[in-house]
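Here is how names work: the chains are called A, B, and so on, in the same order as the sequence lines, proteins then strands, and each is numbered from 1.
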Protein chains: 2
Amino acid sequence: MSTTPAVEDYLKTIYAHTEWQPEPITPSVLAARLGVAPSSVTEMVKKLAGAGLITHVPYGPLRLTPAGFLGASAVVRRHRLVETWLVREMGYDWDQVHDEAEILEHALSDRLLEAIDVRLGRPGSDPHGDLIPAADGSLVRVPAIRLADAAPGHAGTVLRISDRDPAILRDLAADSIGPGSALTVLESCAVRLPGGSIRLLAPDAAASIWLTK
Amino acid sequence: MSTTPAVEDYLKTIYAHTEWQPEPITPSVLAARLGVAPSSVTEMVKKLAGAGLITHVPYGPLRLTPAGFLGASAVVRRHRLVETWLVREMGYDWDQVHDEAEILEHALSDRLLEAIDVRLGRPGSDPHGDLIPAADGSLVRVPAIRLADAAPGHAGTVLRISDRDPAILRDLAADSIGPGSALTVLESCAVRLPGGSIRLLAPDAAASIWLTK
DNA sequence: TTCGGGCTTTCGGCCTGCCTAAATCTCGGC
DNA sequence: GCCGAGATTTAGGCAGGCCGAAAGCCCGAA
Ligand SMILES: [Mn+2]
Ligand SMILES: [Mn+2]
Ligand SMILES: [Mn+2]
Ligand SMILES: [Mn+2]
């Protein structure tokens, strides 16, 4: 099976699901994330499993094989490098890059990707703090905890903010919170910044932020 | 009908055919340029005509309507801006950009295209001297003559070199000939450069070069 | 004027990727 | 242990884009 944009999006979405939590993805969740009908997922799952990219027992969850993981890593790498490039060189804000990257991730050649990577100084993470896999799929993971799950008093650095909801990203930017921000958790939705100022976060936002442990 | 990559490639190819010569393109030539079967062209022609993008009488040639011309201009503009960007900023040589642009022309958003255009200082032509249409499809055409058709003694500036064959581009680059080069035609395949040196061009190359009249 | 080769179109088919509706399965709650 | 809600799969279809084979058209050469 050739690796079409659809295949790449399926692999990437399966990959992303287990990036910050261990449970494998189910067909219905995958369908919802991709915005397609569950029956469409069933079909593609057959093809991906047939190509040795995922494993799947009927009515069970989906897991990437090593080959599928490598393929997914390549897409994720392209997506995140593109996002980083758009923010650092093309005047985009971090809440504006996702849709553009969603398309370009399927269109860049290896050569152009390498040129962008070099220009950017081989960044290790994208504007949202998501790690950029190396060309061989490897990356250096750091133990992290959701801000919403952190105990009051927990102090840490923002590792990553889910880029799913642009509105959250804009709100956080307005609060000067981004990857690298140091903060202390006061209670479930309040944090103290280094200057001592306090920020009250929406529950959605608190669930989107991951801190060092 | 939505404007898919296939539609964009058809429009662009029809557009390009009449850019340097007046005869409209025929289905078989279009099929050859696109690398598809003639029957595939017949099908797409029906769709394009139905959408008001081209005119076509059965067994006749194909012509862009004003709407089709506008659509084609947009694709050509994206293609040529991408080529220019790859050469000026991403370390590509002028014979290496075509395939990459062939894909990216379908993937860039208007916003990203605008950002690239601004970065490059709104260039009027691409690395091969091909004019870059403005967003409204307009461009400033200059009378030109094929080097192969120029009379001995004709002196002019290189306006444009067809980018169809990368090998020709490499050869010409080795001879220090490119858009803007001043040269005098000696006989069909020989030219004199400003320094006085003489270059013997392959017939293919002489047919690919367009000079000021 | 006729004829035939070359274009063009028609026809039937294939593949990808998506859909809805209708089975079918699974698993937690009773 | 049974049952039903929810998840998953099956079945049948559709649209886009392509193909090869066969039929149809057109025009220049004779
Ligand atoms: Mn995508
Ligand atoms: Mn991101
Ligand atoms: Mn193209
Ligand atoms: Mn060009």
Side-chain angles (χ1 to χ4, degrees), chain A residues 1-15 17-18 21 23-64 68 71-72 75 99 102-103 105-107, chain B residues 1-15 17-18 21 23-64 68 71-72 75 99 102-103 105-107:
Chain A
M1 184 189 45
S2 58
T3 154
T4 63
V7 166
E8 293 184 336
D9 282 336
Y10 276 81
L11 290 181
K12 182 185 58 159
T13 305
I14 297 169
Y15 176 107
H17 185 82
T18 45
Q21 58 125 85
E23 288 80 42
I25 196 168
T26 60
S28 57
V29 170
L30 181 53
R33 286 265 191 286
L34 289 170
V36 300
S39 55
S40 303
V41 168
T42 301
E43 271 182 26
M44 181 63 91
V45 159
K46 279 185 210 154
K47 289 179 204 158
L48 296 176
L53 297 171
I54 64 173
T55 58
H56 175 236
V57 295
Y59 298 96
L62 314 172
R63 273 175 249 264
L64 293 172
V75 189
D99 292 352
E102 196 61 44
I103 303 295
E105 67 190 356
H106 310 295
Chain B
M1 183 189 47
S2 57
T3 157
T4 62
V7 167
E8 294 184 336
D9 282 337
Y10 276 82
L11 290 181
K12 182 184 58 158
T13 306
I14 297 169
Y15 175 108
H17 185 82
T18 45
Q21 58 124 90
E23 288 80 43
I25 197 169
T26 60
S28 58
V29 170
L30 181 52
R33 287 266 190 286
L34 290 169
V36 302
S39 54
S40 303
V41 168
T42 301
E43 267 183 31
M44 181 62 92
V45 159
K46 277 185 212 151
K47 289 180 206 159
L48 296 176
L53 297 171
I54 64 172
T55 58
H56 175 236
V57 294
Y59 297 95
L62 314 173
R63 274 175 247 264
L64 292 172
V75 188
D99 292 351
E102 197 59 46
I103 303 296
E105 66 190 357
H106 311 295

Is there a side-chain contact between [X] and [Y] (heavy atoms, below 4.5 Å)?
X: A/Arg63; Y: A/Thr18; result: no
X: B/His106; Y: B/Asp9; result: yes
X: A/Glu102; Y: A/Lys12; result: yes

Calculate, to the nearest 0.5 Å, the distance between atoms [atom1] and [atom2] belonging to [X] and [Y] respectively.
X: B/Leu53; Y: B/Tyr10; atom1: CG; atom2: OH; value: 13.5 Å
X: A/Ile14; Y: A/Leu64; atom1: CD1; atom2: CG; value: 5.5 Å
X: B/Leu48; Y: B/Thr55; atom1: CG; atom2: OG1; value: 11.0 Å

Atom [atom1] of [X] and atom [atom2] of [N]: how far apart are they, to the nearest Å?
X: A/Leu30; N: D/dT8; atom1: CG; atom2: C1'; answer: 13 Å
X: A/His56; N: C/dT26; atom1: NE2; atom2: P; answer: 11 Å
X: B/Leu62; N: C/dC7; atom1: CG; atom2: C1'; answer: 12 Å
X: A/Leu34; N: D/dT8; atom1: CG; atom2: C1'; answer: 16 Å
X: A/Lys46; N: D/dT8; atom1: NZ; atom2: P; answer: 15 Å
X: A/Ile25; N: D/dA7; atom1: CD1; atom2: P; answer: 14 Å

Base, sugar-phosphate, or nothing: which does B/Thr42 touch, judged by heavy atoms less than 4.0 Å apart? base

Treating primed atoms plus P, OP1 and OP2 as sugar-phosphate and everything else as base, which nucleotides of nucleotides 15-27 of chain D get B, S or - for protein heavy atoms under 4.0 Å? -SSBBB---BS--

Quick check on D/dA7: is either OP1 or OP2 less than 4.0 Å from any side-chain nitrogen or oxygen of A/Ser28? no

